[in-house]
There are 2 protein chains.
Amino acid sequence: MTRRHEHIADELRRAIAEGRHPVGAALPSESELAAAHGVSRGTLRQAFGTLQAEGLIGSRQGARRVVLSTTPSQSFTELRSFAQWARAGGRTPGGQVLDSRRAAATDAEAGLLQLAPGDEVLHILRIRTLDDDPVLLERTVYAGWTAEAVEQAPADCESVTQHLQDTVGLFMSHGEHHLDAVAAGTVDARELGVRRGSPLLRVRRTTTTPEGRPVETSDDRYRPGSVVFTVRNSVQANPLARTTPDRPAP
Amino acid sequence: MTRRHEHIADELRRAIAEGRHPVGAALPSESELAAAHGVSRGTLRQAFGTLQAEGLIGSRQGARRVVLSTTPSQSFTELRSFAQWARAGGRTPGGQVLDSRRAAATDAEAGLLQLAPGDEVLHILRIRTLDDDPVLLERTVYAGWTAEAVEQAPADCESVTQHLQDTVGLFMSHGEHHLDAVAAGTVDARELGVRRGSPLLRVRRTTTTPEGRPVETSDDRYRPGSVVFTVRNSVQANPLARTTPDRPAP
DNA sequence: CAGTGGTCTAGACCACAGA
DNA sequence: CTGTGGTCTAGACCACTGT
């Protein structure tokens with residue numbers, strides 16, 4: 001166990017998930033747990049911080065920490081590819097490229113991807129399925145420098161993110177997401193199997209490497225009912241937490 | 001400045017916002033900044049952690065921290081009431097209660113609010129405006145123990161959250177949000193000024209006190225175009241950070 | 001009041017990035 | 001290789017909670 005604070009966080013998470021600390025219950029104090037695990041208070045605080053960042057527990061100066069929720073938080077605390085997210089939920093992800101073409105970046109695209117206007121980009125239209133049900137239509141724009149690697153992925157590649165990581169070591173670690181609702185257009189309706197004009201959840205996102213270099217920007221439209229996005233929040237701007245560095249899994 | 005790490009975080013945020021550290025640039029090292037501010041490395045890491053949690057910077061073991069974005073993150077890192085959020089964006093929030101009635105909690109409501117089925121709850125239907133434009137229709141269910149205080153708020157109360165805090169010291173500090181898209185129903189269409197069936201962004205949320213006690217659960221429907229939700233993400237589950245405890249502003 | 005979490009210090013060792 | 005961030009320790013003081 002090289003990282004003690006992660007190990008402790010896991011134990012606490014498990015204890016909460018198993019109901020040993022029900023919602024509303026006070027947790028043991030930092031000193032108690034530090035002594036029990038034979039670590040310093042700082043290490044223990046780091047473990048607690050992780051759980052706080054996940055929205056599982058809350059803290060107030062002077063009082064013991066309190067369990068806020070027993071269900072592990074899903075999608076949005078952690079950046080995940082569609083395939084990763086699907087597998088985490090026990091579903092089988094699928095995908096199919098419907099269209100692929102290179103083009104010159106518009107000003108808007110160049111801005112989002114930090115390119116010069118007119119630089120080459122790659123447009124991909126891709127349908128994504130969950131257990132063979134179409135749930136998501138992606139219109140993705142990749143920066144030109146990734147185009148070759150993306151084109152080499154099979155049309156029904158399950159995880160392009162994984163493919164890019166494996167073939168060229170390209171790793172996406174940060175994302176910015178904008179959520180709103182739109183009416184399904186003709187293409188949306190046909191591919192997602194809904195009526196034209198019916199409501200879709202739209203997520204416009206831009207993903208970057210650990211160095212902050214933008215890789216792709218995408219307009220993703222989700223069929224309602226199939227997917228819900230969850231966010232946990234707190235007034236205390238952002239709780240302390242742990243950090244595995246920005247590296248791909250081995 | 002009692003909290004040194006906050007002060008340092010503010011300075012760094014300002015430097016980034018002013019473009020002194022452009023996107024993609026490497027920031028000074030921990031040791032350099034610690035020395036410059038006359039604090040220990042731990043304190044400095046806390047300041048960096050705050051910015052990391054806001055998605056402004058990223059870090060990787062062995063390399064200096066990198067600026068990911070220069071625009072301060074908006075709504076979703078921090079739990080905010082509609083009024084707070086509106087004012088932060090320079091808009092004028094408004095509200096009007098359309099309907100208010102007490103009822104017995106359904107099983108679903110009781111579950112969300114941690115009440116016994118049949119306990120009393122208060123249903124409020126409220127329209128929210130931004131610069132006098134209707135943008136949001138709220139269907140809120142308050143736990144019975146808050147009903148009196150909620151009913152005493154004026155029908156056009158700008159911020160019920162603020163009213164509850166001021167009158168009975170009730171403070172909401174954690175939230176869980178589920179986002180999806182729905183078609184506007186008859187009431188939605190009438191109050192938001194859109195056509196029936198047009199897409200709305202729905203946010204179902206539950207808010208709790210610092211102790212984890214649920215206060216309200218709500219079905220909020222946003223007129224598209226008026227509001228966008230933003231989330232910043234990272235693979236490293238959650239960056240280190242921290243700030244002020246779960247206390248109401250004075 | 002005693003106990004708790006929030007802040008801070010001054011060290012240390014290690015894994016990793018980049019030249 | 002040097003410098004960096006990630007992890008950890010063992011202290012300390014303070015602000016706050018709850019009784």
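Because only heavy atoms are used, hydrogens play no part in the values below, and waters and symmetry mates are left out as well, while side chains stay in. Chain identifiers are assigned alphabetically (A, B, ...) following the order of the sequence lines, protein sequences preceding nucleic acid strands; residue numbering begins at 1 within each chain.
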Next item on the list: For residues 144-154 of chain A, pull every pair meeting side-chain hydrogen bond (donor to acceptor under 3.5 Å, both in side chains), keeping only residues two or more places apart or in separate chains.
Entry: Arg102(A)-Glu151(A)
Strictly under 3.5 Å: I want the nitrogen or oxygen pairs between protein and nucleotides 1-4 of chain D, one per line.
{"residue": "dG3(D)", "atom": "N2", "partner": "Gly62(B)", "partner atom": "O", "Å": "3.1"}
{"residue": "dT4(D)", "atom": "OP1", "partner": "Arg64(B)", "partner atom": "NH2", "Å": "2.7"}

Using the test side chain to side chain contact (heavy atoms under 4.5 Å, CB included), find all partners of [X] that sit at least two apart in sequence or belong to another chain.
X	result
Thr106(B)	Ala108(B), Glu109(B)
Thr167(A)	His163(A)
Ala15(B)	Arg20(B), His21(B)

[X] [atom1] to [N] [atom2], straight-line distance once rounded to whole Å:
X	N	atom1	atom2	answer
His7(A)	dT7(D)	NE2	P	16 Å
Arg3(B)	dG6(C)	CZ	C1'	8 Å
Glu6(B)	dG6(C)	CD	P	13 Å
His37(B)	dT7(C)	NE2	C1'	17 Å
Leu44(B)	dC8(C)	CG	P	11 Å
Gln46(A)	dG5(D)	CD	P	16 Å
Arg4(A)	dC14(C)	CZ	P	15 Å
His5(A)	dT7(D)	NE2	P	4 Å

Note to self: Using the rule side chain to side chain contact (heavy atoms under 4.5 Å, CB included), only one of Val150(B), Thr209(B), Thr206(B), Thr161(B) pairs with Val215(B); which is it?
What the structure shows: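 For Val215(B), the side chain to side chain contact (heavy atoms under 4.5 Å, CB included) check succeeds only for Thr209(B).
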Margin query: Using the side-chain heavy atoms of Ser59(B), tell me which of these nucleotides is nearest: dA10(C), dG18(D), dG6(D).
Written below: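 Closest nucleotide among those given: dG6(D).
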Margin query: I'd like to check the ring-ring contact (aromatic ring centres under 6.0 Å, His included) partners of His177(A); sequence neighbours left out, ordered by chain and number.
Written below: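 With neighbours one apart ignored, the set is Phe76(A).
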Next item on the list: List the atom of Pro210(A), the atom of Ser173(A), and the distance in Å for their closest heavy-atom pair.
Entry: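 Heavy atoms of Pro210(A) and Ser173(A) come nearest at CA-OG, 3.1 Å.
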Residues forming a salt bridge (Lys or Arg N to Asp or Glu O under 4.0 Å) with [X], sequence neighbours excluded:
X	result
Arg205(B)	Glu216(B), Asp220(B)
Glu30(A)	Arg41(A), Arg45(A), Arg65(A)
Glu138(B)	Arg126(B), Arg128(B)
Asp219(B)	Arg202(B), Arg221(B)

N/O contacts under 3.5 Å, protein versus nucleotides 11-13 of chain C?
{"residue": "dA12(C)", "atom": "N6", "partner": "Arg41(B)", "partner atom": "NH1", "Å": "3.1"}

Checklist line | Axial bend angle, the helix from dC1(C)-dG18(D) to dG18(C)-dC1(D): five-pair end segments, nearest 10° | finding: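 The helix from dC1(C)-dG18(D) to dG18(C)-dC1(D) shows an end-to-end axis angle of 20°.
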